[in-house]
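Chain letters run A, B, ... following the sequence lines, proteins first, then strands; residues in each count from 1. What you see is a predicted model; the values in this text were computed from it and never measured.
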Protein chains: 2
Amino acid sequence: MKKVTINSVATYAGVSKKTVSRVLNNEPNVSPATREKVLKVFKELDYTPNPIARGLARNRSFIIGCLYDNPSKSYITRVQSGALEACHKHNYNLLIHPCELRGEALIENIEHLLTTSRLDGMVLTPPFSDSEELIAFLKKKNIHFARVASAIDDAESISVRSNDEQGAYEITEHLINLGHTSIAFIKGHPDHSATEQRFTGYQRALAEHNIAFKSHLVAEGNFSYHSGADSAKAILDLNPRPSAVFASNDYMAAAVLKLATQRQLKVPEDISIAGFDNAPIARHIWPGLTTIAQPVEEMTRQAVEQLILQISDEQTPVYQATLEAKLITRESTAKPSC
Amino acid sequence: MKKVTINSVATYAGVSKKTVSRVLNNEPNVSPATREKVLKVFKELDYTPNPIARGLARNRSFIIGCLYDNPSKSYITRVQSGALEACHKHNYNLLIHPCELRGEALIENIEHLLTTSRLDGMVLTPPFSDSEELIAFLKKKNIHFARVASAIDDAESISVRSNDEQGAYEITEHLINLGHTSIAFIKGHPDHSATEQRFTGYQRALAEHNIAFKSHLVAEGNFSYHSGADSAKAILDLNPRPSAVFASNDYMAAAVLKLATQRQLKVPEDISIAGFDNAPIARHIWPGLTTIAQPVEEMTRQAVEQLILQISDEQTPVYQATLEAKLITRESTAKPSC
DNA sequence: CCACACTCTGACACCGGTGTCATAATGTGG
DNA sequence: CCACATTATGACACCGGTGTCAGAGTGTGG
């Protein structure tokens with residue numbers, strides 16, 4: 001079975017390959033008759049154009065790379081889903097590249113990626129969207145990129161984020177309004193800018209409601225379920241025990257819930273628990289977790305869409321947006337019983 | 001900033017581009033002096049070879065496509081993780097392409113994918129690994145592919161699966177050995193071959209232990225949490241209520257657990273619950289779910305590894321393997337209390 | 001000192017498309 | 001019927017690498 005190229009089609013149809021190319025790309029200035037003829041040969045020969053050759057000629061791969069390093073599988077799939085939506089809309093495809101921020105050599109890793117696969121652009125998700133080093137490297141290499149949920153201020157590059165600080169403020173305020181005054185907090189991974197932002201929101205809510213911040217109520221997590229379990233132990237062992245726990249994401253909140261349940265504590269009667277992200281697990285467990293829903297898909301979709309616009313037209317103004325996070329109230333939070 | 005190509009390097013280093021190409025690919029027959037010189041110019045000019053041009057010349061893209069349509073995010077990420085491991089080992093990259101088996105036009109969708117991105121091969125995960133139509137299409141197009149968890153018997157194509165029937169048998173037997181005789185079953189999505197296999201394992205275990213199969217104990221799910229919740233309602237409403245539920249995956253099992261807990265039923269005292277897959281949620285909830293662990297990453301890793309071998313050398317014998325699934329006992333199953 | 005093998009290098013075609021430009025064919029208005 | 005604009009088509013270079021092959025340079029054994 002011989003390969004069918006544009007040349008075979010051209011010969012077979014009795015036209016030049018440029019004309020075949022015109023038909024392929026729906027260019028004008030092809031007579032209807034010729035177009036028909038060529039299209040018929042496409043069918044007959046079962047011709048599929050070679051995207052690589054096209055890519056070489058146009059200096060495009062039509063592939064976007066997606067960088068992430070995140071323990072949350074639901075976050076990753078939401079990112080992928082938003083990115084794919086934008087990609088497919090513009091006939092791009094998505095190549096995934098999970099890697100470690102603190103790996104021995106992030107830059108070398110990315111350099112190798114670019115050697116093995118030409119990418120027209122890259123979407124950076126946390127913590128990469130906050131890596132000054134990586135951003136400098138991409139700029140130097142003239143690689144287009146878009147930042148998702150990045151805290152870095154850089155007017156030159158595309159950025160779509162959500163308001164983490166405000167979300168954390170609102171959920172903390174929600175607990176305060178219920179009557180909680182002793183609210184523990186579990187921090188996220190220190191490499192993620194969201195960690196600091198959520199912590200700030202928590203502190204601001206306390207301050208604005210005249211509740212003294214107590215550092216012994218703060219546990220250091222890293223967004224993983226496991227770290228949540230460790231933090232849960234430390235918090236539930238406190239005496240007096242806080243009446244509420246706000247974990248920086250739902251997995252850690254789920255870990256608190258699990259340990260509380262194991263210890264025969266009733267949630268939310270004995271202790272209220274709040275999370276962040278509105279991951280699927282938040283509604284897959286009982287009681288469902290009060291949390292903050294972030295438009296992860298939408299952030300990524302917008303970021304990739306703008307990235308593709310920028311690739312197609314360098315003149316596109318740099319897009320920067322902040323989307324709203326939204327409080328979702330479920331059964332895991334209530335008035336303190338005492 | 002001008003583009004640095006192999007030509008600029010060649011001119012700058014005072015050698016032919018073929019020699020530069022030799023250095024790039026670590027080919028023999030380059031004098032150490034020349035090699036050094038060229039390598040130095042690489043650094044000086046900050047040269048990165050163009051993978052697209054290389055791809056065109058070699059007729060390779062070094063990209064594997066991954067097809068899936070699965071509601072379980074943990075399954076997807078495990079698949080991706082296994083596939084990536086194999087890809088990176090061989091300097092390949094992974095392009096993801098979720099799509100719908102029952103979408104209006106699967107074949108057109110894939111055809112379009114191949115028009116926008118040349119893939120050296122594809123990994124098919126369920127339910128695509130069971131689609132005769134897709135497999136016929138890929139064969140016709142001469143696209144290499146590997147099947148993961150496929151029930152189709154096709155000695156011509158790579159296949160790595162795990163023993164679902166046996167896993168379902170063992171977990172059912174585990175329940176029977178605990179003393180359960182009334183065991184409800186929640187089926188998975190009808191498009192997935194695993195659904196039928198797990199169901200068969202359940203039935204075989206009942207039969208071999210002389211327990212009559214009762215069709216009213218079987219609910220139709222589709223692997224989604226939501227379908228599990230519906231099935232849970234049907235099962236928990238039964239009178240008499242079965243003493244155990246075996247759901248075809250962990251998400252559906254989690255839904256049963258949640259509803260049972262909401263109804264004040266104690267798990268496992270009042271009702272035992274078992275799942276399948278050993279998804280993260282199985283250990284993130286309380287009580288933890290007894291389930292079957294499948295080597296999803298390993299299956300995919302092997303499939304992709306063999307796929308790449310086949311791409312590099314058509315003579316490679318077709319690899320077919322069946323890996324073992326393993327029973328994981330957690331707190332959600334125990335002796336029936338009555 | 002010569003025949004022969006082996007190492008090193010470059011010229012050139014080629015991969016399968018797209019962009020530019022010249023030219024042929026057709027249409028239009030005066 | 002002609003000058004001129006417009007449409008349709010193809011020749012050819014080019015994208016940035018790799019494969020083939022010829023030839024120059026070097027080494028070895030008889």
Just to confirm, is there a sub-4.0 Å distance from OP1 or OP2 of [N] to any side-chain nitrogen or oxygen of [X]?
| X | N | result |
| --- | --- | --- |
| B:Tyr47 | D:dG16 | no |
| B:Thr19 | C:dC8 | no |
| A:Ser31 | D:dT9 | yes |
| B:Ser21 | D:dG19 | no |
| A:Thr5 | C:dG16 | no |
| B:Thr34 | C:dC8 | no |
| B:Asn25 | D:dT18 | yes |

Which heavy atom of A:Thr77 sits nearest a heavy atom of B:Thr77, and at what distance? CG2-CG2, 4.1 Å

In whole angstrom, give the distance that lies between atom NZ of B:Lys18 and atom P of C:dA13. 15 Å

Return the value, rounded to whole Å, for the distance between atom CG of B:Asn50 and atom C1' of D:dC14. 14 Å

Of all the choices, [options], which nucleotide is nearest to the side chain of [X] once you look at every atom?
| X | options | result |
| --- | --- | --- |
| A:Glu27 | C:dG19, D:dT18, D:dC15 | C:dG19 |
| A:Ala57 | C:dG10, C:dT18, D:dT18 | C:dT18 |
| B:Lys17 | C:dA13, D:dG10, C:dA11 | C:dA13 |
| A:Leu56 | D:dG19, D:dG16, C:dT18 | D:dG16 |
| A:Asn29 | D:dA8, C:dA11, C:dT18 | D:dA8 |

Looking only at atom types and distance, does a side-chain atom of B:Thr300 sit under 3.5 Å from a main-chain N or O of B:Ala83, one as donor and one as acceptor? no

At under 4.0 Å between heavy atoms, what does [X] touch on the DNA or RNA strands: base, sugar-phosphate, or nothing?
| X | value |
| --- | --- |
| B:Pro49 | sugar-phosphate |
| A:Asn59 | nothing |
| B:Val20 | nothing |

Side chain of A:Lys3, base of C:dG16: donor and acceptor closer than 3.5 Å? no

Any luck finding a side-chain donor-acceptor pair between B:His189 and B:Asn70 under 3.5 Å? no

Between B:Arg22 and B:Ala53, just flag the one whose closest nucleotide in DNA chain D comes earlier from the 5' side. B:Ala53

